[in-house]
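In what follows, a structure is listed as structure tokens, so that the remarks can point back to it.
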Number of protein chains: 2
Amino acid sequence: MDHRTRLLDAAERLFYERGVRAVGVDEVRAASGVPLKRLYQCFPSKEELVVAYLRRRDQRWRASLAESVARRDDRVPAVFDWLENWFREPGFRGCAFVNSFGELGATSDAVARTAKEHKDALRHYLVDLVRGFAADPEELGEQLLLLVEGAITSAAVRGDFGAARRAREVAEILLARAGG
Amino acid sequence: MDHRTRLLDAAERLFYERGVRAVGVDEVRAASGVPLKRLYQCFPSKEELVVAYLRRRDQRWRASLAESVARRDDRVPAVFDWLENWFREPGFRGCAFVNSFGELGATSDAVARTAKEHKDALRHYLVDLVRGFAADPEELGEQLLLLVEGAITSAAVRGDFGAARRAREVAEILLARAGG
DNA sequence: TACTGTAGAGAACGCGCGTTCTCGACACCA
DNA sequence: TGGTGTCGAGAACGCGCGTTCTCTACAGTA
């Protein structure tokens with residue numbers, strides 16, 4: 001496994017688990033086994049490491065969702081079932097992008113932009129998901145985005161994993177109205 | 001104005017604006033004009049200052065919402081109108097409790113607990129709001145909570161202030177079904 | 001065998017943090 | 001007036017941060 005991957009693996013685990021500022025660069029070095037010098041060759045600053053961590057997580061997170069949803073016929077409910085599985089994973093601590101935005105968004109434009117890109121991509125995915133059967137895919141997609149965001153936040157802060165099921169029920173109501 | 005208030009005013013402005021870890025205790029001292037010695041008399045540690053900031057913000061935030069909603073007949077839509085006004089305030093940067101949870105929740109039990117208490121109180125308020133006309137107030141209240149959370153997150157990260165209006169539209173659909 | 005370049009380990013640097021300590025100024029009472 | 005306690009201003013402390021530098025080891029080449 002190359003250095004970059006080892007660094008991103010360690011960074012993702014530590015940053016998501018404890019928050020970005022709570023984890024020093026030296027701890028990422030220790031956890032990855034990559035020498036500090038190489039760390040700074042791959043990522044010339046901590047901020048670039050953080051952005052790279054977020055970008056890779058974005059790709060993987062959306063790919064996992066899309067793959068899981070594509071296997072089912074009832075695709076919109078499948079989104080919320082996938083969420084519930086995620087919530088129940090040990091170490092779940094909410095949305096990495098929301099957390100990073102709250103922690104660093106005011107300080108780092110790059111982090112704020114990366115978080116926004118993730119949410120925009122998720123919105124785009126949901127709109128595409130209902131295109132074809134929804135009268136107004138943009139409208140329905142954005143409504144679903146609200147439910148997804150709400151479920152993630154409630155699951156994280158309140159520890160309410162049932163939020164996914166509740167969000168799915170609301171989604172099904174909207175779906176029925178939209179003719180899905 | 002007493003020292004405690006001056007400290008909490010400065011802390012709230014700085015912590016919300018930039019994040020908790022990004023603001024040093026000394027900056028709170030400078031912004032408040034309160035000597036460091038007194039700061040540590042009022043709040044023996046930074047963590048206690050952070051929790052006090054969150055608790056006061058919780059009270060004020062919910063009081064402002066409740067007061068604004070109580071003045072209207074269509075109370076549920078009023079919640080989302082209040083949200084939209086909040087989103088459009090200069091310096092809006094999402095939910096202080098979600099932000100603090102993401103930044104410090106893993107490190108500080110007190111902060112995680114305070115954030116959870118805020119969200120639980122909001123849920124309780126929303127359930128009470130629909131009690132009386134909803135067939136299942138708990139269910140509808142929780143659904144509204146999802147929409148509120150989703151709108152706040154979308155407004156913060158995506159800068160989508162229209163999320164409040166969209167959430168209100170979904171809420172009105174749920175309301176009509178629940179017999180409101 | 002000598003020379004060169006690269007790599008790893010970790011020391012060093014400058015800074016800012018949360019917290020505590022020092023010291024001089026000043027009010028209050030005998 | 002002299003003694004006592006309180007207060008504010010800010011220096012000091014120990015630590016951990018992000019980042020850079022130094023030193024040693026060694027592979028590849030002539």
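Chain letters run A, B, ... following the sequence lines, proteins first, then strands; residues in each count from 1. Both backbone and side-chain heavy atoms feed into the values below; hydrogens, waters and symmetry mates do not. Quick caveat, the model's predicted, so the values are computed rather than measured.
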query = With respect to the side chain of Val25(B), which nucleotide from dT19(D), dG8(C), dT19(C) is positioned closest?
reply = dT19(C)
inquiry  = Without decimals, in angstroms, what is the distance between His3(A) NE2 and dT6(C) P?
reply    = 16 Å
query = Please walk me through it: do Ser154(B) and Glu149(A) pass side-chain hydrogen bond (donor to acceptor under 3.5 Å, both in side chains)?
reply = CA-CA 8 Å; Ser154(B) 277; Glu149(A) 297 291 6; 4.7 Å; no
request  = Report which part of the nucleic acid Val34(B) touches: base, sugar-phosphate, or nothing (heavy-atom distance under 4.0 Å, all strands).
outcome  = nothing
remark   = When rounded to whole Å, the CG to P distance for the pair Leu36(B) and dC7(D) reads 16 Å
task = Just compare dT22(D), dC7(D), dG18(D) and give me whichever is closest to any side-chain atom of Lys37(A).
result = dT22(D)
task = Using whole Å, report how far CG of Leu39(B) lies from P of dT19(C).
result = 10 Å
ask   = Which is true for Val28(B) with a 4.0 Å heavy-atom rule: it touches a base, it touches only sugar-phosphate, or it touches nothing?
value = nothing
inquiry  = Looking at Tyr16(B), I'd like to know if the NZ or CZ of Arg57(B) sits under 6.0 Å from its six-membered ring centre while staying within 45 degrees of the ring's axis.
reply    = yes
key: Partner of Val170(A) under side-chain contact (heavy atoms from CB on, under 4.5 Å), chosen from Leu175(A), Leu147(A), Leu146(A)   = Leu147(A)
task = Kindly point out which of dT20(C), dG8(D), dT19(D) is positioned nearest to the side chain of Tyr40(A)?
result = dT19(D)
remark   = Rounded to whole Å, the CG-P distance (Leu104(B) to dG18(C)) equals 11 Å
task = Give the rounded distance in Å between these two atoms: CD of Glu27(A) and C1' of dG16(D).
result = 11 Å
query = Arg29(B) has an atom CZ; how far is it from atom C1' of dC17(C), in whole Å?
reply = 14 Å
ask   = What nucleotide among dC17(C), dA9(D), dA9(C) has an atom nearest to a side-chain atom of Lys46(B)?
value = dC17(C)
inquiry  = Regarding Arg38(A), tell me which of base, sugar-phosphate or nothing describes its non-hydrogen contacts under 4.0 Å with the strands shown.
reply    = sugar-phosphate
task = Would you sort out whether Lys119(B) and Asp160(A) count as a side chain to side chain contact (heavy atoms under 4.5 Å, CB included), showing the intermediate values?
result = CA-CA 11 Å; Lys119(B) 295 304 186 190; Asp160(A) 174 19; over 6 Å; no
inquiry  = Please pick, from dG18(C), dT19(D), dG8(D), the nucleotide with the shortest atom-to-atom distance to any side-chain atom of Ser45(A).
reply    = dT19(D)
query = Given atom CD of Gln41(A) and atom P of dT20(D), what is their separation to the nearest angstrom?
reply = 12 Å
request  = Test Val76(A) against every option in Leu140(A), Leu174(A), Val130(A) by the side-chain contact (heavy atoms from CB on, under 4.5 Å) rule and name the one that passes.
outcome  = Val130(A)
ask   = Starting at CG of Asp26(B) and ending at P of dA9(D), how long is that distance when rounded to a whole Å?
value = 12 Å
